[in-house]
Amino acid sequence: MTVLELDDIDTYYGNSHVLHGVSLDLDEGEVVALLGRNGAGKTTTMRSIMGVTPPRRGTITYRGEDVAGLPPNEINARGISLVPEDRRVFPTLTVHENLVLAHKLAADPRPVEEMYDLFPVLDELRRSRAQNMSGGEQQMLAVARALVQRPSTLLLDEPTEGLAPVIVDDLREMLQDVVDQDVTVLLSEQNVSFAFDLATRCYVIDTGSIVYEGSIEELQERDDLLERYLAVSPEEVA
Ligand SMILES: Nc1ncnc2c1ncn2[C@@H]1O[C@H](COP(=O)(O)OP(=O)(O)O)[C@@H](O)[C@H]1O
Ligand SMILES: [Mg+2]
């Protein structure tokens, strides 16, 4: 069943036309990757879905309802949560305070303790202030904070950005547990091998247009696309 469908959306920043007829859909429980280089339009796609930068044209349908044009809090209330690329955890609050705050603001939250079961690292860091934690730990906190809201759809915007390779490995393992849960995920990434490990299907975006849609296996065979749009050599993702 289709949960989220973008149909031919155009999104602008002022006069700057950034997304050109983007269409994509997510089925219930799927993990779909949105791949593309820096500036390709991944974040703008996420912002369009959340209503932060609503599309000027086209439709966004969530569980049968046209949500394009709704304010972000309304879209969030319908079950879509975004983990933004800059993470935006509250730096001076502890892990626990960040999670309790998210819990308080959610309509139907999951118990905070469930997040500690899911992320044992955060359990150990309960009393640490976010600003004193590593980028990877802050990313885990950002994901946990989104999951507390019991989203049915999670938008993860470049979770590996700026993380050391060893931390990316931890994050991959942890996200594997998250995606095994009952949640539909749109994962934007430049780190192609990371996305390939988690997703089953993908879109490639370039200069605001979708240039590929299909299975990971198919894309792995498309050396031309990998090199042209993702700037990776085929060996890197074999
Ligand atoms: N706030 C903004 N105002 C104007 N242009 C922007 C803004 N944010 C992004 N852009 C432009 O939109 C395009 C897509 O950016 P973005 O969606 O952030 O790409 P990605 O997330 O794939 O790196 C880029 O050309 C970028 O310069
Ligand atoms: Mg981005």
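In each ligand, atom 1 is the first atom listed, and ligand 1 is the first ligand listed.
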Peer 1: Taking only non-hydrogen atoms of G41, do any sit less than 4.0 angstrom from ligand 1?
Peer 2: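 For ligand 1, residue contact (heavy atoms, under 4.0 Å) with G41 is present.
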
Peer 1: Which atom pair, heavy atoms only, marks the closest approach of I205 to I210?
Peer 2: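 Closest heavy-atom pair between I205 and I210: CB-CD1, 4.2 Å.
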
Peer 1: Do the side chain of D10 and the main chain of G21 share a donor and acceptor less than 3.5 angstrom apart?
Peer 2: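 Confirmed, D10 side chain pairs with G21 backbone.
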
Peer 1: To the nearest 0.5 Å, tell me how far N38 CG sits from E161 CD.
Peer 2: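 It comes to 7.5 Å.
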
Peer 1: Measure from atom 27 (O) of ligand 1 to the protein's non-hydrogen atoms and state whether any distance is below 4.0 Å.
Peer 2: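 So atom 27 (O) of ligand 1 lacks protein heavy-atom neighbours under 4.0 Å.
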
Peer 1: For atom 14 (C) of ligand 1, state which one of G14, G39, S48, S16 supplies the nearest heavy atom.
Peer 2: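 Answer by nearest heavy atom: G39.
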
Peer 1: Is the positively charged end of R222 above the ring of Y212, judged by distance under 6.0 angstrom from the centroid and angle within 45° of the axis?
Peer 2: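 R222 over Y212 ring: no.
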
Peer 1: Checking R56 against Y12: charged group under 6.0 Å from the ring centre and within 45 degrees of the axis?
Peer 2: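 Geometry flag: set, cation within 6.0 Å and 45°.
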
Peer 1: With a cut-off of 2.8 Å, does E85 place any N/O/S atom under that distance from the Mg ion (ligand 2)?
Peer 2: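 Yes, since at least one N, O or S atom of E85 sits under 2.8 Å from the Mg ion (ligand 2).
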
Peer 1: What do you reckon, does K42 have a nitrogen or oxygen under 3.5 Å from a nitrogen or oxygen of ligand 1?
Peer 2: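 It does: an N or O of K42 is found under 3.5 Å from an N or O of ligand 1.
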
Peer 1: Heavy-atom distance under 4.5 Å between the side chains of F119 and V143, does that happen here?
Peer 2: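 The answer is yes; the side chains approach within 4.5 Å.
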
Peer 1: Please list, in number order, the atoms of ligand 1 under 4.0 Å from a heavy atom of A40.
Peer 2: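 Per the distance check, 19 (O), 20 (P), 22 (O).
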
Peer 1: Output the list of atoms in ligand 1 that are nearer than 4.0 Å to some heavy atom of N38, sorted by atom number.
Peer 2: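 Going through ligand 1 atom by atom, the ones under 4.0 Å from N38 are 23 (O).
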
Peer 1: Just to confirm my output: which protein heavy-atom neighbour is closest to atom 6 (C) of ligand 1, and how far is it?
Peer 2: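 Looking only at protein heavy atoms, the one closest to atom 6 (C) of ligand 1 is Y13 CD1, 3.3 Å.
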
Peer 1: Could you check L34 against L187 for side-chain contact (heavy atoms from CB on, under 4.5 Å), going step by step and ending with a plain yes or no?
Peer 2: CA-CA 6 Å; L34 179 63; L187 168 69; over 6 Å; no

Peer 1: Decide whether an N or O pair under 3.5 Å exists between T44 and ligand 1.
Peer 2: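 Yes - when backbone and side-chain N and O of T44 are compared with those of ligand 1, one distance drops under 3.5 Å.
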
Peer 1: Give the minimum heavy-atom separation between I49 and L186, together with the two atoms involved.
Peer 2: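 Looks like CD1-CD2, 3.8 Å.
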
Peer 1: Under 2.8 Å from the Mg ion (ligand 2), is there an N/O/S atom belonging to T43?
Peer 2: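 A backbone or side-chain N, O or S atom of T43 is under 2.8 Å from the Mg ion (ligand 2).
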
Peer 1: Please check if a non-hydrogen protein atom sits closer than 4.0 Å to atom 4 (C) of ligand 1.
Peer 2: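 It does; a protein heavy atom is within 4.0 Å.
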
Peer 1: I would like to know whether V183 and T153 meet side-chain contact (heavy atoms from CB on, under 4.5 Å); could you show each step before the answer?
Peer 2: CA-CA 6 Å; V183 65; T153 298; 5.8 Å; no

Peer 1: Could you tell me which atoms of ligand 1, counted from 1 in the order shown, lie closer than 4.0 angstrom to a heavy atom of V18?
Peer 2: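 Selected atoms, number and element: 12 (O), 13 (C), 14 (C).
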
Peer 1: Out of all atoms in ligand 1, which are within 4.0 Å of some heavy atom of T43? Include the element for each.
Peer 2: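 Reading through ligand 1 atom by atom, the close ones are 17 (O), 18 (O), 20 (P), 21 (O).
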
Peer 1: Check for me whether R37 has a heavy atom closer than 4.0 Å to any atom of ligand 1.
Peer 2: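 Yes, that is the case, since the closest heavy atom of the residue is under 4.0 Å from the ligand.
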
